[in-house]
Amino acid sequence: AKEKGRGKREFFTGDMNAFTLERLKLEGFLRKAVQKGELEPYFQPQYCLKTEKILGFEALVRWNHPELGLVSPMQFIPLAEEIGLIDEIGRFVLFESCKQLKRWHDSVAPYLSVSVNVSGRQFQRLSFVYEVKEAIETAGISAEYLHLELTESTMIQNVQYSISIMQELRELGVRLSIDDFGTGYSSLSYLKDFPVDYLKIDQSFIRHLSDDFFNTSDAAIIKAIIMMCEGLSLSTVAEGVETHEQMKLLQEYGCHTAQGYIISKPMPACEASEFLRNFLSV
Ligand code: C2E
Ligand code: CA
Ligand code: CA
Ligand code: CA
């Protein structure tokens, strides 16, 4: 009872009330945002370190609110997950990304891929595989060009169920990535059981990567991950690459793909198209 009382008092502090109010406001705004079409996928290029070509884009959702301005997905995705709006948002990003990919296939480059983030809740829904199939068919793209990014925490919620869904997705032809690798608590032994194609090395490992003699631990971890992936026939993607030096080192270590501000920030579809055209013409 004592424990309960303490918890209760904490809940009703002034700070908490302000926080709750802010949140309620944001929640209301977000519900309207989805209806009013204030959400938009941005696209960040994925660059092949072996062939020096653009392989595709990762779709990253943006919320452009008339008063609040550009709201970060780090702020609204967790909220959307809690209040159940993530299903609608996830579906929107998935369908829009596939449609945009079709435009690129028809106009600039028929080999590009698009990588879409999938939240845990979205993935656990019974209709998810059907939704993916529908998105591919509606857009008229070939399934192999759609990549889905799943985090470790999503996959280990219910391992057997997750593996079966991942297998169904692979049967459709879709490719799968493990996102934010190295930040979760999952065991390495799961890696051999999950039917995935790509592993994204989290940007926290890349951030301090440099030629600096005194910082060798991140380099050691990155090299070990790349070697392990080679053994498992997984392709590696480094996220958050910001400097030429990092890119050069990753290339040296045998990392396959780089993504980060050094290549480009995420951009609206029209800017991404222009980026592609410029890139292809040089
Ligand atoms: P994430 O999937 O790990 O995406 C990478 C994040 O790093 C993105 O942040 C991207 O803009 C940022 N980034 C890319 N290159 C660099 C770099 O060189 N330096 C730095 N410092 N950051 C870089 P963003 O767009 O704010 O998205 C944050 C997170 O929100 C994503 O992390 C993802 O977990 C989630 N998210 C975004 N879009 C979606 C979506 O459509 N669905 C779901 N479920 N989650 C999404
Ligand atoms: Ca991602
Ligand atoms: Ca990531
Ligand atoms: Ca992340």
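Remember, it's 1-based here, ligands and their atoms both numbered in the order they're listed. Computed from heavy atoms alone, side chains included, the values below leave out hydrogens, waters and symmetry copies.
Here Phe29 and Trp63 keep their ring centres 6.0 angstrom or further from each other. Aromatic rings of Phe43 and Trp104 (six-membered ring for Trp) have centroids within the 6.0 Å cut-off, being under it.
Taking backbone and side-chain atoms together, Glu239 has no N/O/S atom less than 3.0 Å away from the Ca ion (ligand 2). Checking Asn117 against the Ca ion (ligand 2), an N/O/S atom falls under the 3.0 Å cut-off.
In terms of polar-atom proximity, defined here as any N/O pair under 3.5 Å, Glu81 makes no such contact with ligand 1. On a distance-only criterion, Val61 and ligand 1 share at least one N/O pair closer than 3.5 Å. Residue Asp179 has at least one N or O atom closer than 3.5 Å to an N or O atom of ligand 1.
Nearest N/O/S atom of Asp180 with respect to the Ca ion (ligand 3) is recorded as OD1.
Near Val93, meaning under 4.0 Å from any of its heavy atoms, are these atoms of ligand 1: 41 (O). Proximity to Gln44 (heavy-atom distance under 4.0 Å) selects the following atoms of ligand 1: 14 (C), 15 (N). Interface of Pro266 with ligand 1, defined as ligand atoms under 4.0 Å from a residue heavy atom, comprises 11 (O). Close approach of ligand 1 to Asp180 is summarised as follows: ligand atoms under 4.0 Å from at least one heavy atom of the residue are 3 (O).
The residue from Phe76, Tyr261, Trp63, Phe123 that puts a heavy atom closest to atom 16 (C) of ligand 1 is Tyr261. Evaluated by nearest non-hydrogen atom to atom 44 (N) of ligand 1, the leading choice among Ala59, Ser119, Gly240, Ala80 is Ser119.
A salt bridge links Asp106 to Lys102: one of the charged nitrogens lies within less than 4.0 Å of a carboxylate oxygen. A salt bridge links Asp197 with Arg170; the closest basic N to acidic carboxylate O contact falls under 4.0 Å.
Only the side chain of Glu58 comes within 4.0 Å of ligand 1, counting heavy atoms alone; its backbone N, CA, C and O stay farther away.
Heavy-atom distances between Gln259 and ligand 1 stay at or above 4.0 Å for every pair. Assignment of Arg62 to the shell around ligand 1 is supported, since a heavy atom sits closer than 4.0 Å.
Seen from the ring of Tyr261, Lys265 counts as a face-on cation partner, given the 6.0 Å and 45° thresholds.
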